[in-house]
Amino acid sequence: MGLEKLNNLYREVILDHSDHPHHKHALPDATHKITLKNPTCGDVINLDIELDDKDNIKDIGFTGEGCTISQSSASMMTDAVMGKSKEEALHMAKTFSDMVMGKKHPQADLDELQDAAILSNVMTFPARIKCATLSWWALQRALLKQPDGSIDDSEKED
């Protein structure tokens, strides 16, 4: 596929997720909640996750406001992690963060990200990396958060 066609696809996917976000709603029965802000851009992501008794993501939703990249990335993230185990979701968050920083991953890991893999191009716009990763950081922090508010780093991948 030519570079111009790839750029058009990139824009179309991002705009579609921004204009018609998936899972953009609060969850009254959330087992994990977190709010993260990107003061650089004004993005705010409120992430709600409901885990089942086997630590699988039963439901996920987000609210908040922000730029096109942050909102589309949150929509893509919720699609990609729905039904995944806590461990799988944490691995995906690490893969996504690494990807937008230009680190290489096996194609199978990138395929798990579904539409979010298209955001690999964001690394060419350093000011947008925080926008793209905000929801993924929220996912990671929410899943690692303990009842006392501390973060359990023992499950965090390096």
Side-chain angles (χ1 to χ4, degrees), residues 9-52 55-103 109-110 112-153 155-157:
L9 176 63
Y10 172 77
R11 280 191 289 270
E12 286 175 25
V13 171
I14 289 172
L15 289 174
D16 184 52
H17 275 278
S18 179
D19 292 342
H20 310 287
H22 305 171
H23 311 283
K24 190 165 186 179
H25 58 273
L27 295 179
D29 297 326
T31 56
H32 296 69
K33 291 178 173 265
I34 195 163
T35 296
L36 288 186
K37 299 176 183 178
N38 174 3
T40 307
C41 193
D43 303 325
V44 177
I45 296 290
N46 305 300
L47 185 64
D48 296 345
I49 305 167
E50 183 182 354
L51 295 181
D52 65 17
D55 269 355
N56 293 319
I57 297 176
K58 179 179 177 182
D59 203 357
I60 188 166
F62 75 98
T63 59
E65 297 184 11
C67 70
T68 300
I69 298 291
S70 75
Q71 296 297 290
S72 60
S73 183
S75 175
M76 293 176 201
M77 182 271 297
T78 59
D79 281 348
V81 301
M82 181 67 81
K84 301 290 186 190
S85 70
K86 177 180 173 179
E87 292 76 25
E88 289 170 319
L90 288 169
H91 177 75
M92 292 169 72
K94 171 88 168 92
T95 298
F96 184 85
S97 293
D98 285 352
M99 176 192 74
V100 297
M101 296 300 293
K103 295 181 183 175
D109 286 354
L110 299 176
E112 283 185 333
L113 298 177
Q114 300 175 20
D115 281 353
I118 205 163
L119 289 170
S120 64
N121 291 338
V122 84
M123 73 181 151
T124 60
F125 305 100
R128 294 309 208 176
I129 292 173
K130 285 183 182 178
C131 304
T133 55
L134 186 64
S135 59
W136 293 88
W137 289 338
L139 173 71
Q140 185 178 49
R141 290 188 58 114
L143 291 176
L144 294 174
K145 194 173 184 182
Q146 299 300 302
D148 66 0
S150 65
I151 299 295
D152 179 5
D153 288 328
E155 294 188 46
K156 187 176 178 183
E157 293 186 32

Taking all non-hydrogen atoms of both residues, which atom of [X] and which atom of [Y] are closest, and how far apart?
X	Y	answer
Gln71	Lys24	OE1-NZ, 2.8 Å
Leu27	Glu50	CD1-N, 4.1 Å
Ala132	Ser135	O-OG, 4.3 Å
Lys84	Ala80	CE-O, 3.5 Å
Val13	Met76	CG1-CE, 3.9 Å
Leu47	Ala138	CD2-C, 3.7 Å

Measure the shortest side-chain to side-chain distance between [X] and [Y] over non-hydrogen atoms and say whether it is less than 4.5 angstrom.
X	Y	result
Lys58	Asp29	no
Thr95	Glu112	no
Ser73	Leu119	yes
Thr78	His17	no
Met92	Asp109	no
Ser75	His20	no
Lys86	Glu88	no
Leu143	Leu51	yes

**Q.** side-chain contact (heavy atoms from CB on, under 4.5 Å) assessment of Asp48 paired with Lys33
**A.** CA-CA 5 Å; Asp48 296 345; Lys33 291 178 173 265; 3.4 Å; yes
Q | Pair Ser85, Asp55: side-chain N/O donor-acceptor within cut-off below 3.5 Å | A | no
Within this structure, what is the [atom1]-[atom2] distance for the pair [X] and [Y], rounded to the nearest 0.5 Å?
X	Y	atom1	atom2	value
Leu36	Ile34	CG	CD1	4.5 Å
Asn121	Arg128	CG	CZ	14.0 Å
Asp52	Thr31	CG	OG1	9.0 Å
Leu134	Ile69	CG	CD1	12.5 Å

Q) Can Met82 and Asp59 be said to form a side-chain contact (heavy atoms from CB on, under 4.5 Å), step by step? A) CA-CA 6 Å; Met82 181 67 81; Asp59 203 357; 3.5 Å; yes
Q) Do you know which of Ile60, Ile49, Leu144 makes side-chain contact (heavy atoms from CB on, under 4.5 Å) with His32? A) Ile49
Donor-acceptor contact present, side-chain [X] to main-chain [Y], <3.5 Å:
X	Y	value
Asn38	Thr40	yes
Ser18	Ile14	no
Thr35	Asn46	no

(Q) Other residues, nucleotides and ligands only: do more than 12 of their heavy atoms fall within 6.0 Å of CD on Gln114? (A) yes
Q) Which word best sums up how the rings of Phe96 and Trp136 line up, parallel for under 30°, tilted for 30 to 60°, or perpendicular for over 60°? A) parallel
